[in-house]
J.: 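Before we start, here is the structure in question, set down as structure tokens.
The basis for the numbers below is simple: all heavy atoms, side chains too, and nothing from hydrogens, waters or symmetry mates.
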Amino acid sequence: MEAIASAERGTAAAAPVRIDAVGKVFVITGPSGVGKGTLIRALRERVPGLELSVSATTRAPRAGEEDGRDYHFLSREEFERSAGANEFLEHATYSGHRYGTLRSELERRLAAGGSVVLEIEVQGARQIRAATPEAVLVFIAPPDPASLRDRLEGRGTDSREAISERLRTAELELAAQEEFQHVVVNDQVERAAAALERIVRAELDQLDP
Ligand code: ADP
Ligand code: 5GP
């Protein structure tokens, strides 16, 4: 099976990303602080060989974050230039900053024959779903809305204002969860990671040998 993924359909010059049967694309989405990063780390320990796509962003690096490992940190000008050149499979504005998945990043990882995990917010996940129906989308939900604040405060990486803005966005994101193929409630990391692992392994089992 072969398919062409292009988030910006209608743009004739779109450079498509080839998603073929060699690997799968897993999209992990959900509100900030729900535990996407934590569960992806646990998933990659449980399912060796899953590649993580490194996104581009215009937000400033947090303490300990490294360019090229955690994100490709771009200036606004660089980001918009790449967006204008159709270099993103999807991109979105979130809390005043730009975030996007570079086609080159995904292509390189798929070309190596592996399956790839994207960690992105809901607007981007919708774009991937529209452009790449064979991608597997998983929404990570909190056990209750109050736990998002507790987790964001506990993580200690965002200002009080940034947390408030992320929680406002989270209300819209939580309302969108039924759009997604799979929903995993992150009540306990081990339980949620096991649920995510089951989804991923079931999909990988369907790949041609
Ligand atoms: P996201 O990537 O979705 O923004 P993180 O993975 O950074 O979220 O998790 C946010 C915070 O919540 C982190 O401090 C993390 O350790 C914590 N966390 C993640 N999952 C759980 C859980 N099931 N129970 C309690 N705390 C959690
Ligand atoms: P953070 O600033 O906490 O790293 O990320 C903020 C939000 O942007 C999170 O929900 C994260 O999943 C999302 N995000 C990270 N990379 C991308 C991306 O490439 N595209 C989109 N659409 N969202 C992303």
J.: Does anything in residues 180-190 form a salt bridge (Lys or Arg N to Asp or Glu O under 4.0 Å)? List the pairs, not counting sequence neighbours.
T.: R46-E190, D187-R191
J.: R149: which residues meet the side chain to side chain donor-acceptor pair (under 3.5 Å) condition with it, sequence neighbours left out?
T.: none
J.: With no hydrogens and no angle check, is any side-chain donor or acceptor of T57 less than 3.5 Å from a backbone partner on R98?
T.: yes
J.: Once side chain to side chain donor-acceptor pair (under 3.5 Å) is applied, do any residues pair with R109, and if so which ones, sequence neighbours excluded?
T.: E51, E105
J.: Which residues pass the side chain to side chain donor-acceptor pair (under 3.5 Å) test with T101, sequence neighbours left out?
T.: E90
J.: Is any NZ, NE, NH1 or NH2 atom of the basic residue among E197 and R201 found under 4.0 Å from an Asp or Glu carboxylate oxygen of the other?
T.: yes
J.: Under the criterion side chain to side chain contact (heavy atoms under 4.5 Å, CB included), I'd like the reasoning laid out for V138 against F26: C-alpha separation, chi angles, the key distance, then a yes or no.
T.: CA-CA 8 Å; V138 184; F26 295 97; 5.6 Å; no
J.: Among D158, D67, D70, find the residue that satisfies the salt bridge (charged side-chain N to carboxylate O under 4.0 Å, His left out) test when tested with R62.
T.: D158
J.: Roughly how far, to the nearest 0.5 Å, is the OG1 atom of T58 from the NE2 atom of H97?
T.: 6.0 Å
J.: Of all the heavy-atom pairs spanning A193 and L39, show the shortest one and how long it is.
T.: N-CD2, 3.8 Å
J.: How would you list all residue pairs meeting ring-ring contact (aromatic ring centres under 6.0 Å, His included) that involve residues 108-157, not counting sequence neighbours?
T.: F139-F180
J.: Heavy-atom count around R76 CZ within 6.0 Å, excluding the residue itself: above 12?
T.: yes
J.: Would the distance check show the side chain of R103 and the main-chain N or O of N86 forming a donor-acceptor pair, the cut-off being under 3.5 Å?
T.: yes
J.: Would you give the length of the straight line joining atom OG1 of T132 to atom CG of L106, rounded to the nearest 0.5 angstrom?
T.: 8.0 Å
J.: Between the side chain of E121 and the main-chain N/O of G124, is any donor-acceptor distance below 3.5 Å?
T.: yes
J.: For the residue pair F88 and F79, does the interplanar ring angle fall in the parallel (under 30°), tilted (30 to 60°) or perpendicular (over 60°) class?
T.: parallel
J.: Assigning hydrophobic clusters by single linkage (Ile, Leu, Val, Met, Phe, Trp, Tyr; side-chain heavy-atom cutoff under 4.5 Å), is L137 placed with V116?
T.: yes
J.: Should I120 and Y71 be regarded as members of a common hydrophobic cluster, given that ILVMFWY residues are connected when their side-chain heavy atoms come within less than 4.5 Å of each other, either directly or indirectly?
T.: no
J.: Given the rule that I, L, V, M, F, W and Y join up when any side-chain heavy atoms are under 4.5 Å apart, are V47 and V184 in one cluster?
T.: yes
J.: Counting distance only, does the side-chain N/O of R129 pair as donor-acceptor with the main-chain N or O of E179 below 3.5 Å?
T.: yes
J.: Are the side chain of N186 and the backbone N or O of A192 linked by a donor-acceptor pair below 3.5 Å?
T.: no
J.: Can you name the nearest heavy-atom pair linking G33 to L152, along with the distance?
T.: CA-CD2, 3.6 Å
J.: Can you see which heavy atom on V122 is nearest to which on T29, and at what distance?
T.: N-OG1, 3.4 Å
J.: Taking L110 as the starting point, is it possible to reach V136 by hopping between hydrophobic residues whose side chains are less than 4.5 Å apart?
T.: yes
J.: Which heavy atom of L50 sits nearest a heavy atom of V117, and at what distance?
T.: CD1-CG2, 3.9 Å
J.: Can you give me the closest heavy-atom contact between R69 and G64, atom names plus distance?
T.: NH2-O, 2.9 Å
J.: Let me confirm one number: the NE2-CZ distance from H182 to R198, rounded to the nearest 0.5 Å.
T.: 12.0 Å
J.: Looking at every non-hydrogen atom in both residues, tell me the closest pair between Q177 and A141 and how far apart they are.
T.: OE1-CB, 3.8 Å
J.: Measuring from atom OG of S82 to atom NE2 of H72, what distance do you get when rounded to the nearest 0.5 angstrom?
T.: 10.5 Å
J.: Between L167 and E171, does the side chain to side chain contact (heavy atoms under 4.5 Å, CB included) criterion hold? Intermediate values first, please.
T.: CA-CA 7 Å; L167 291 174; E171 284 183 32; over 6 Å; no
J.: Do Y99 and I140 belong to the same hydrophobic cluster, where Ile, Leu, Val, Met, Phe, Trp and Tyr are linked whenever their side-chain heavy atoms lie under 4.5 Å apart, directly or via other members?
T.: no
J.: Between K36 (side chain) and G30 (backbone), is there a donor-acceptor pair under 3.5 Å?
T.: yes
J.: To the nearest 0.5 Å, what is the distance between OG on S95 and CD on E161?
T.: 12.0 Å
J.: Could you pull out all residues at least two apart from E203 that satisfy salt bridge (Lys or Arg N to Asp or Glu O under 4.0 Å)?
T.: K24
J.: Could you give the distance from CG (L52) to CD1 (I28), rounded to the nearest 0.5 Å?
T.: 10.0 Å
J.: Check whether the side chains of T157 and R155 place a donor and an acceptor atom closer than 3.5 Å, and report yes or no.
T.: yes
